[in-house]
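What follows is a short report on a single structure.
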Amino acid sequence: MSEVNELSDFIRDMIKEDLATGRFDRVQTRFPPEPNGYLHIGHVKAIAMDFGVAEQFNGVCSLRFDDTNPAKEEEEYVDAIMEDIRWLGYDWEDRLFFASDYFDQLYEFALEMIKAGKAYVDDLSADEIREYRGTLTEPGKDSPHRNRSVEENLELFERMKEGEFEKGARVLRAKIDMASPHINLRDPVMYRILHEEHHRTGDKWCIYPMYDWAHGQSDSMEGVTHSLCSIEYKNHRPLYDWFLDQLGIFHPQQIEFARFNMTYTVMSKRRLVRLVKEGYVHGWDDPRMITLAGMRRAGISPEAIIKFIEHVGVGLSLSTIQHSKFDHFVRDDLNQRTNRVNGVLKPLKVVLTNYPDDQVEMMEFPNHPDDPSRGVREVPFTRELYIEEGDFMEEPHKKFWRLAPGREVRLRYGYLITCTDVIKDGKGEIVEIHCTIDPDTRGGNAPDGRRVKGTLHWVSASHALDAEVRLYDRLFTHPFPKEAEGDFTDYINPDSLQVIENAKVEPSLKDAPVGNSYQFERVGYFCVDPDTTDEKLVFNRTIALRDSWAKIEKQFQK
RNA sequence: UGGGGAGUGGUGCAAUGGCAGCACAGAGGCCUUUGGAGCCUUUGAUCUUGGUUCGAGUCCAGGCUCCCCAGCCA
């Protein structure tokens, strides 16, 4: 919103400058994914930059699929990518483009280049081309086919297009400088032969443009003014500029910015694929994945993701964002967004021995304690309740201020209760706790003003709904899994998913819609998983509440 | 090693020759019917060596460290 419009970084500064000097009188950007995988949080930086900049400067942003490699790309990804971008809240309106839409024009441009003596057909094999390219420190050498006549090049290129040659037999290369210190300028390949069906052009073509040949011209044809991209393309900018200058067509300004990494996860497509293919997670939308599909299923909102991205900053150096920063924005968003409910993960039965057996009282709960406008709901209170197992300690240490024998605590918006007995089975396991209520404390306050430190959440045993709760945690135990010794999969967190089959939640959750998020008070944020059926509620833990108790507790463990 | 980039608290981002600031994390406190949230306080940084200047994170020169490029991938 308005906050977005106040964003400032070196890219926006450059654009302001371009507008001020009249170099451009409008702003047009584009998000150019390759449809060969799912979008993840790293892509959001580019998406938010492309669409955000356009919005900020009253320009437009289009979506263009750079689908120049039919061997890797699939329609399935096109649809998934569009869904993810829409979910984030961005709109390309009628500006949906494909690099494959430009194959004809690109072919014409190539002809132009050949006629101008700026491109040639090379018969060298891939290995030979690599050899001829030289190394970082030694110049390359000219291909023996570099000086073919225009006529011969035209004829050969035509025959490439007509499918006369096998895959890899020949390529079209730009004729620049095999001794250039910029490797990308050592006669880069423009077209290669690929007898592959393209997801949009079918079998029309058997030669396909390289990304480097397609990208700049695509931007140019669309009228992109500012072509924002990640930093690895900085080395390619001289090439894009060269192509544009040779062709003499509209010249967009490319501006690069750095990607980022996050601790306790992996961001590369290759590693994400392995997590899915090798079964470490249950799919691309597994809530532990930092894919948009995964984060969506985890219950993280697009607003939280974008706000986080706005705070990672924009620069030219590779940064590593701490996972705790991401967690902060997820919690901050959910704290404001969610209604509070009661959910008990590990139920411990409490019997209120002085409470009538057949009595049901409806207790009033605010839906959001810090926002009265969200209203209230009624929660049934009865003689038998469930509380959290961890909220009772038979032999409490001095910092534990919840329930213990002889202790009085508050049942939130219920009554003050005092523990009188601990009932155990033959093996010494606690089966239930007996307590008495103070009938004068309905709602949770004592008329005599005495204060109790502990406040517990609870559900009525006879009214509670059964639920499956999936407790997700960070996927890796190491902050830098890919840099740690061994394979990154060695550091998968074995406790990244813990399934609780028999959690108890309050009855108001009966028809909770899939995707809805709640705060289970004192526990964490949860959303309704699509696996939910009429018979069974399934919740995903998006993230736990900040837990300052955990720190204290550690001190008391030997 | 050739070329292209980057070095500011633990992490990330600002400061555009003039008091090194913000966020997250950390520490302490207040408040609390969530050990949540909120509020207050606080620890902690300019890669290095020279130079220019009244004054340098910023300008200049050298050094060091890290990232990217040698796909018929994008």
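Chain identifiers are assigned alphabetically (A, B, ...) following the order of the sequence lines, protein sequences preceding nucleic acid strands; residue numbering begins at 1 within each chain. It should be emphasised that the depicted structure is a prediction, and the values quoted were computed from it without experimental measurement.
When A/N261, A/T320, A/V266 are each tested for a side-chain contact (heavy atoms from CB on, under 4.5 Å) with A/F480, only one passes: A/T320.
The partner of B/U46 cannot be assigned: no Watson-Crick or G-U wobble pair with both contacts below 3.5 Å exists in any strand. Nucleotide B/U53 forms a pair with no other nucleotide shown, judged by Watson-Crick or G-U wobble geometry with both contacts under 3.5 Å. Nucleotide B/U34 forms a pair with no other nucleotide shown, judged by Watson-Crick or G-U wobble geometry with both contacts under 3.5 Å. The nucleotide B/U65 finds its pairing partner in B/A6, both defining distances of the Watson-Crick or G-U wobble pair being shorter than 3.5 Å. B/C13 and B/G21 make up a base pair, with Watson-Crick or G-U wobble contacts both under 3.5 Å. Summarising the base pairing, B/A70 is matched to no nucleotide, lacking a Watson-Crick or G-U wobble pair whose two defining distances lie under 3.5 Å.
As rounded to whole Å, 10 Å separates atom C1' of B/U32 from atom OH of A/Y413. Between A/I193 atom CD1 and B/G71 atom P the separation is 19 Å, expressed in whole Å. Atom NE2 in A/H215 sits roughly 17 Å away from atom P in B/C73 (whole-Å rounding). Between A/R259 atom CZ and B/A6 atom P there is a gap of 17 Å when expressed in whole angstrom units. B/G71 atom P lies 11 Å from atom CZ of A/R186, rounded to whole Å. Rounded to whole Å, atom C1' of B/C22 lies 16 Å from atom CG of A/D9. Look at CG on A/L411: it is 13 Å from C1' on B/U34, rounded to the nearest Å. The separation between A/N184 atom CG and B/C73 atom C1' is 13 Å, rounded to whole Å.
Nucleic acid contact class of A/D212 (heavy atoms, under 4.0 Å, all strands): none. Within the 4.0 angstrom heavy-atom criterion, only backbone atoms of the sugar-phosphate kind lie near A/T68; the bases stay farther away. Within 4.0 Å of A/H236, counting heavy atoms only, lies at least one base atom of the nucleic acid. Counting non-hydrogen atoms under 4.0 angstrom, A/R133 reaches the backbone sugars and phosphates but no base. A/R451 comes within contact range of the sugar-phosphate backbone alone, with a heavy-atom separation under 4.0 Å but no base atom that close. The residue A/L185 sits apart from the nucleic acid: no heavy atom pair falls under 4.0 Å. A/K399 comes within contact range of at least one nucleobase, with a heavy-atom separation under 4.0 Å. Residue-level contact check: A/Y191 touches neither bases nor backbone, having no heavy atom under 4.0 Å from any strand.
Under the 90° criterion around 0 for the glycosidic angle, B/G71 counts as syn.
Checked by atom type, the side-chain pair A/E76/A/Y38 shows a donor-acceptor distance below 3.5 Å.
Between A/H43 and A/H40, the angle of the ring planes lies from 30° to 60°, which puts this pair in the tilted group.
For A/D13, taking side-chain heavy atoms from C-beta onward, the closest of the listed nucleotides B/U16, B/A70, B/C73 is B/U16. Listed nucleotides: B/G35, B/G5, B/A74. Nearest to the side chain of A/Y211: B/A74. Among B/C72, B/G2, B/G3, the nucleotide with an atom closest to any side-chain atom of A/I129 is B/C72. Between B/U1, B/A70, B/C72, one nucleotide has an atom nearer to the side chain of A/T135 than all others, and that is B/A70.
Taking atom P in both B/G57 and B/G7, the straight-line distance is 16 Å, to the nearest Å. Taking atom C1' on both nucleotides, B/U8 is separated from B/A14 by 10 Å, rounded to a whole Å. Distance check on atom P: B/U48 versus B/U11 gives 15 Å, rounded to whole Å. Of the C1' atoms belonging to B/A20 and B/C13, the separation is 13 Å, rounded to the nearest Å. When the C1' atom is compared between B/C69 and B/G9, the two are found 33 Å apart, to the nearest whole Å. Between B/U52 and B/G44, the two P atoms lie 32 Å apart (nearest whole Å). Comparing B/A37 with B/G28, their P atoms are spaced 16 Å from each other, to the whole Å. A gap of 32 Å separates the C1' atoms of B/C66 and B/G55, to the nearest Å.
Looking at A/H311, its side chain never comes within 3.5 Å of a backbone N or O of A/F326 through a donor-acceptor pair. Using modelled atom types, one side-chain atom of A/K45 and one backbone atom of A/A258 make a donor-acceptor pair closer than 3.5 Å. Between the A/W458 side chain and the A/R412 main chain, a donor and an acceptor come within less than 3.5 Å of each other.
A salt bridge links A/E361 with A/R442: at least one charged nitrogen is closer than 4.0 Å to a carboxylate oxygen.
Between A/H236 and A/Y233, the gap from one ring centroid to the other is short of 6.0 Å. Aromatic ring centres of A/Y77 and A/H199 lie farther apart than the 6.0 Å criterion allows. Between A/Y518 and A/F526, the ring center distance fails the sub-6.0 Å criterion. Ring to ring, A/F109 and A/F243 are not that close: their centroids are 6.0 angstrom or more apart.
In this structure, A/R474 forms a cation-pi arrangement with A/Y264, its terminal cationic atom sitting closer than 6.0 Å to the ring centre and no more than 45° off the ring axis.
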Between the protein and nucleotides 11-13 of chain B, list every N/O to N/O distance that falls short of 3.5 Å.
unit_1: B/U11; atom_1: O4'; unit_2: A/Q322; atom_2: NE2; d: 2.9
unit_1: B/U11; atom_1: O3'; unit_2: A/T320; atom_2: O; d: 3.2
unit_1: B/U11; atom_1: O2'; unit_2: A/T320; atom_2: O; d: 2.7
unit_1: B/G12; atom_1: OP1; unit_2: A/T320; atom_2: N; d: 3.3
unit_1: B/G12; atom_1: O2'; unit_2: A/V312; atom_2: O; d: 2.6

Polar atom pairs (N or O), protein with nucleotides 36-40 of chain B, under 3.5 Å:
unit_1: B/G36; atom_1: OP1; unit_2: A/S548; atom_2: OG; d: 2.7
unit_1: B/G36; atom_1: N2; unit_2: A/D370; atom_2: OD2; d: 3.0
unit_1: B/A37; atom_1: O2'; unit_2: A/N335; atom_2: ND2; d: 3.2

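Sparse packing is recorded around CZ of A/R259, with 12 or fewer heavy atoms of other residues, nucleotides or ligands lying under 6.0 Å away.
Under 4.0 angstrom from either OP1 or OP2 of B/G3 there lies no side-chain N or O belonging to A/K234. Applying the 4.0 Å criterion to OP1 and OP2 of B/A74, one finds that A/R192 has a side-chain N or O inside that range. The phosphate of B/C72 (OP1 or OP2) has no side-chain N or O of A/R170 nearer than 4.0 angstrom.
For B/C68, its base sits under 3.5 Å from the side chain of A/N235 at one donor and acceptor pair at least.
The 5' end of RNA chain B is approached more closely, in terms of each residue's nearest nucleotide, by A/K453 than by the other of A/P33 and A/K453. Where A/M210 and A/F400 each meet RNA chain B at their nearest nucleotide, the meeting point lying more 5' is that of A/F400.
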